[in-house]
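A short write-up of the structure that comes next.
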Amino acid sequence: MIQLEHVTKTYPKASRPSLDEVSVGIEKGEFVFFIGPSGSGKSTIIKLLLHEVTPNRGRVHVNGRDVTAMRSWKIPAFRRQIGCVFQDFRLLPNRTAYENVAFALEVIGKTKAVARRVVPEVLELVGLGGKEHRYPHELSGGEQQRVAVARAFVNRPLILLADEPTGNLDPDTSIEIMRLLDRINRTGTTVVMVTHDSNIVNQMRRRVIEIESGRIVRDQARGVYG
Amino acid sequence: MRLKYVMSEVMVGLWRNVTMTVAMIITMAVSLTMLGASGLIYAQVKDMKAYYYDKIEVAIFLKPEITDDQRSSLEGSLKSDPLVREVIYESKDEAFKKFQTMFSDVPAVVDAVKPGQLPESFRVGLKNPEQYQQVREAYVGKDGVDQIIDQRNLLEKIFNILGSVQTMALVAASVMAIAALLLVGNTIQVAAYSKRREVAVMKLVGASNWFIQAPFVLEAVVAGILGAIIGFGALALGKVLLLDGSLSELTDLLTPLSWSKVLVMLPLMALAGTLVSSITAWVTLRFYLRV
């Protein structure tokens with residue numbers, strides 16, 4: 001499902017590469033943690049998978065397609081197969097929970113009728129039934145992240161990328177979000193999560209890939225934070 | 001549904017930044033007015049050339065002491081000249097009558113001239129008015145010929161003035177167009193900045209590029225079209241107040257400017273406004289909304 005082959009990424013003006021000759025493969029339906037200290041290059045992986053940045057060397061394959069060689073006009077269609085969740089939620093402040101999720105459908109050309117059918121379903125799934133018409137500032141951090149997960153999942157993506165989704169949440173709320181991601185993973189969606197939350201990694205007991213200074217130093221099925 | 005979404009985005013965008021929008025529309029309008037004016041002058045000069053070049057003639061004035069022989073040989077050679085379209089003889093009496101009607105509202109001038117004082121002449125129409133010089137050379141030294149005057153010279157002066165007015169209008173139009181261009185670019189940048197969250201989310205969920213960019217480009221296009229409409233209004237007002245109004249005495253000399261010609265300028269100006277604003281917006285977005 002996801003293949004990185006000898007990927008090297010050096011940002012302009014950086015003294016050393018963020019990712020250095022990284023090769024890794026992720027199968028369909030897997031749940032993978034990328035862990036490592038700040039600046040180790042783990043978030044760069046998410047950016048590579050989204051084609052927000054392109055590698056200096058190496059190839060990135062997602063869902064059988066070479067992302068590095070992708071023409072820019074094909075990127076939007078490619079991103080529709082990927083859901084994304086971030087530490088800072090990235091919700092639109094002037095839209096309700098419902099509208100935030102519906103926006104994701106709207107901008108890719110789905111009709112309002114489709115949104116009316118699908119959005120309540122997804123909000124129910126993430127446990128926000130009854131709070132559809134709240135604005136982000138009327139929701140707690142955990143609830144906002146649920147809206148973000150709902151938005152990421154509403155198109156039924158093949159892959160869900162999560163960049164420190166629990167970074168702004170307290171431990172209990174974090175665990176709730178993780179349960180949610182786990183449920184999504186069980187529907188067959190591949191989940192790639194970048195984190196440095198050791199509790200979560202230790203509880204989940206899933207595949208752990210540790211990155212340090214741009215290199216993979218550990219790749220362990222059912223790993224712990226270590 | 002999506003059209004409604006895009007249009008409401010456009011209106012919100014234009015209103016959010018209303019001072020910039022107004023500045024953009026005004027510069028557009030001024031630039032397009034200048035463009036329209038120079039277009040009108042160009043069309044007008046072309047029309048006038050076609051109209052007057054058909055009518056203008058070369059006047060060959062004859063000396064008072066010319067003999068009948070000289071006159072008839074001159075007429076003969078003019079009539080057989082391949083460059084000449086028509087030859088009309090104007091006697092002293094006819095010249096005087098023409099003079100009387102021309103200056104009928106200035107009796108003092110008419111009184112000062114007596115019949116017989118004005119010279120007789122051949123009025124020569126040329127097949128091609130540009131060939132005046134050849135005709136002049138052929139007849140200037142002939143017996144009985146006093147003076148040869150090309151009426152085209154007078155017209156050329158008017159055309160030169162109109163031409164330089166047109167150039168000035170074009171220069172002003174281009175300078176204002178540059179200002180309009182920069183304003184469009186700036187407005188789009190501000191709009192893109194104020195909507196950066198929406199844009200980031202749109203990119204994230206895979207909205208197509210045109211969907212992200214369309215509201216911004218349309219914002220600029222709407223401003224461009226409004227500018228064109230205002231500019232057209234200014235042109236129409238100029239025609240009513242200046243050409244048909246206070247300057248009407250002057251414009252009697254020129255061929256009249258028809259409304260149909262003014263109307264043609266509206267689509268032209270709208271097209272120019274649309275092109276300039278949409279291309280500027282699109283180019284700006286390529287830098288500010290990188291995928």
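First the proteins, then the strands, lettered A, B, ... as listed; each starts at 1. In this text the structure is predicted, and so the values were computed from the model without any measurement.
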Which pairs would a plain distance check flag for residues 231-240 of chain B, meaning a side-chain donor or acceptor within less than 3.5 Å of a matching protein atom at least two apart in sequence or in another chain?
residue  : atom : partner  : partner atom : Å
B:Lys239 : NZ   : B:Asp244 : OD2          : 3.3
B:Lys239 : NZ   : B:Leu257 : O            : 2.8

Other residues, nucleotides, ligands: >12 heavy atoms within 6.0 Å of A:Phe78 CZ: yes
Which heavy atom in B:Asn209 sits nearest to a heavy atom in A:Ser72, and how many Å separate them? ND2-O, 4.4 Å
Taking side chain as C-beta onward, heavy atoms only, is A:Asn94 less than 4.5 Å from B:Arg197? no
Who passes side-chain hydrogen bond (donor to acceptor under 3.5 Å, both in side chains) against B:Gln189, sequence neighbours left out? B:Tyr288
Out of A:Ala77, A:Ala152, A:Pro93, A:Gly83, return the one with the most heavy atom pairs under 4.5 angstrom to chain B. A:Pro93
Passes side chain to side chain contact (heavy atoms under 4.5 Å, CB included), B:Lys203 versus A:Leu50? Steps please. CA-CA 10 Å; B:Lys203 281 190 206 169; A:Leu50 276 174; over 6 Å; no
Write down the atom of B:Ser208, the atom of A:Pro76, and the distance for their closest heavy-atom approach. CA-CB, 3.8 Å
Considering all heavy atoms of both residues, which atom of A:Glu52 and which atom of B:Leu204 are nearest to each other, and what is their separation? OE2-CD1, 4.3 Å
Cut-off 4.5 Å, heavy atoms of chain B, and the answer for A:Leu105 is neither
B:Lys127 atom NZ, over 12 foreign heavy atoms within 6.0 Å: yes
Under 4.5 Å, counting heavy-atom pairs only, tell me which of A:Arg90, A:Arg95, A:Arg151, A:Gln81 racks up the most with chain B. A:Arg151
Non-hydrogen atoms of chain B under 4.5 Å away: do they reach the side chain of A:Asn100, the backbone, both or neither? neither
Where on A:Phe103 is there a heavy atom nearer than 4.5 Å to chain B: the side chain, the backbone, both, or neither? side chain
A:Arg156 CZ: over 12 foreign heavy atoms closer than 6.0 Å: yes
Heavy-atom closest pair (A:Ile108 atom, B:Val205 atom, distance to 0.1 Å) is CG2-O, 3.4 Å
Can you tell me how far the CE atom of B:Met202 sits from the CZ atom of A:Arg79, to the nearest 0.5 Å? 13.5 Å
So for atom CH2, which belongs to B:Trp15, do other residues, nucleotides or ligands contribute more than 12 heavy atoms lying within a distance under 6.0 Å? no
